[in-house]
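Keep in mind the model is a prediction, meaning the values are calculated, not measured. Basis for what follows: all heavy atoms, side chains included, without hydrogens, waters or symmetry-related copies.
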Amino acid sequence: MIDDRQASADPGYATRPLEAPGVSGYLPQGGHRRRDLLARPPQRIQRAVVPTREVVCYECGKVCRIPVSALSATCPHCFAHLNMDNMTLKPGTRHLHVRTLGDVKIPAHVELSQLDIVCRHMQAAGRISGTLRATGTLTLAGEASLTGKLIADTLVVQRGAHAHVSPGISVNQAELRGTLRGRVHARGGAHIYASGKLIGPCSVALLQIDPGGQHIGPRETPDISA
Ligand SMILES: [Zn+2]
């Protein structure tokens with residue numbers, strides 16, 4: 001049996017008012033937590049800066065900014081789904097209709113027809129036909145042979161290549177370090193390096209031929225509107 005007086009004298013049994021700082025809305029000094037919080041100046045929200053890159057939507061042709069790390073995106077102008085995969089076309093593939101903001105590679109042993117490709121950079125060494133549009137650089141290597149409607153920003157014919165375009169290719173810039181057979185229409189300039197050779201008509205505003213480089217064929221006046 002514990003005497004009541006003994007229990008009250010024992011500090012172990014003494015009861016104290018519950019104090020839970022941070023729970024009560026009222027502060028001991030008569031302050032008010034909620035009011036004090038609201039009275040504080042608003043803190044500046046630090047947003048993480050996401051690195052972005054500019055891409056050209058292959059559906060509407062407008063420029064959009066997308067995160068560098070994005071694997072796919074939606075065009076803010078036309079809401080088209082934008083694919084960013086890099087692809088390597090294999091022999092006998094059924095993926096003849098390709099739309100990507102990534103790069104497409106066509107290896108030397110690949111022969112495909114009825115292709116319809118829109119991509120960023122393309123590296124071609126095989127024999128293909130169809131419609132090709134590269135918003136970046138089209139690099140021709142080996143015995144690359146391209147037939148159809150061919151459009152690129154920059155055409156690069158690699159050193160040692162013996163490439164063929166039929167009937168021709170329309171680009172902004174052309175760099176020939178190897179041999180190219182076919183018509184070249186370059187709105188900007190074309191540069192035939194010492195190891196380069198162009199066999200075919202050339203429609204270009206500015207043609208630079210290094211010593212050793214060759215152009216065999218007529219030079220036409222470029223049609224700027226084309
Ligand atoms: Zn679009």
Separation between [atom1] of [X] and [atom2] of [Y], rounded to the nearest 0.5 Å:
X: Thr137; Y: Gln123; atom1: OG1; atom2: CD; result: 10.5 Å
X: Leu96; Y: Ser113; atom1: CG; atom2: OG; result: 7.5 Å
X: Lys90; Y: Ile106; atom1: NZ; atom2: CD1; result: 13.0 Å
X: Arg219; Y: Ser203; atom1: CZ; atom2: OG; result: 9.0 Å
X: Cys57; Y: Phe79; atom1: SG; atom2: CZ; result: 11.0 Å
X: Glu59; Y: Cys75; atom1: CD; atom2: SG; result: 9.0 Å

Should we say atom [atom1] of [X] is surrounded by more than 12 heavy atoms from elsewhere, each under 6.0 Å from it?
X: Arg159; atom1: CZ; answer: no
X: Ile216; atom1: CD1; answer: yes
X: Gln208; atom1: CD; answer: yes

Please confirm whether the backbone N or O of Lys197 pairs with a side-chain atom of Thr179, one donor and one acceptor, at under 3.5 Å?
->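 No, Thr179 side chain to Lys197 backbone: no donor-acceptor pair under 3.5 Å.
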Distance-only, no hydrogens or angles: does the Asn86 side chain make a donor-acceptor pair with backbone N or O of Asp103 under 3.5 Å?
-> yes
Of the options Asp116, Leu150, Thr147, which is the one that meets Leu132 in a side-chain contact (heavy atoms from CB on, under 4.5 Å)?
->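 That would be Leu150.
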For Leu138, which of Val156, Ile169, Val171 qualifies under side-chain contact (heavy atoms from CB on, under 4.5 Å)?
-> Ile169
Any non-hydrogen side-chain atom of [X] less than 4.5 Å from a side-chain atom of [Y]?
X: Ser129; Y: Gln114; result: no
X: Leu140; Y: Leu155; result: yes
X: Gln158; Y: Thr139; result: yes
X: Thr93; Y: Leu112; result: yes
X: Leu207; Y: His215; result: yes
X: Arg120; Y: Thr100; result: no
X: Ile117; Y: Thr131; result: no

Shortest non-hydrogen contact between Cys119 and Gly102, atoms and distance |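 Between these two residues, the closest heavy atoms are CB-O, 3.6 Å.
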Distance-minimising heavy-atom pair for Gly148 and Pro167 | O-CD, 3.7 Å
So which of Arg183, Arg187, His185, Lys149 actually passes side chain to side chain donor-acceptor pair (under 3.5 Å) with Ser170?
->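 Answer to the side chain to side chain donor-acceptor pair (under 3.5 Å) test with Ser170 among Arg183, Arg187, His185, Lys149: Arg187.
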Among pairs that include at least one residue of residues 123-144, which meet salt bridge (Lys or Arg N to Asp or Glu O under 4.0 Å), considering only residues two or more places apart or in two chains?
->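 Pairs touching residues 123-144 that pass the test: none.
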Any residue meeting side chain to side chain donor-acceptor pair (under 3.5 Å) with His95, in chain and number order, not counting sequence neighbours | none
Does Asn83 have any side chain to side chain donor-acceptor pair (under 3.5 Å) partners at least two apart in sequence or in another chain, and if so, which?
-> none
same_hphob_cluster(Val110, Met122) at 4.5 Å side-chain heavy-atom cutoff = yes
Decide whether Met87 and Leu115 are clustered together by the hydrophobic rule: side chain heavy atoms of Ile, Leu, Val, Met, Phe, Trp, Tyr closer than 4.5 Å, transitively.
-> yes
Val118: which other cluster members, linking ILVMFWY side chains closer than 4.5 Å, directly or transitively?
->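 For the cluster that includes Val118, the remaining residues are Val55, Tyr58, Ile66, Leu82, Met84, Leu101.
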Applying ring pair (Phe, Tyr, Trp, His ring centres under 6.0 Å), name anything that partners His191, two or more places apart in sequence or on another chain.
->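 His191: ring pair (Phe, Tyr, Trp, His ring centres under 6.0 Å) contacts with Tyr193.
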CA sep, side-chain torsions, deciding dist, call: Leu89, Lys105, side chain to side chain contact (heavy atoms under 4.5 Å, CB included) = CA-CA 6 Å; Leu89 298 188; Lys105 199 171 177 181; over 6 Å; no
Report the C-alpha separation of Asp153 and Gln173 in whole Å, then their side-chain angles, then the decisive distance to 0.1 Å, and conclude whether the side chain to side chain contact (heavy atoms under 4.5 Å, CB included) test is met.
-> CA-CA 7 Å; Asp153 180 66; Gln173 305 282 336; 5.7 Å; no
Among pairs that include at least one residue of residues 63-81, which meet side chain to side chain donor-acceptor pair (under 3.5 Å), considering only residues two or more places apart or in two chains?
->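 Passing the test, one end in residues 63-81: Thr52-Arg65, Glu54-Arg65.
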Go through the steps to decide whether Val204 and Val184 satisfy the test side chain to side chain contact (heavy atoms under 4.5 Å, CB included), and finish with yes or no.
-> CA-CA 8 Å; Val204 59; Val184 172; over 6 Å; no
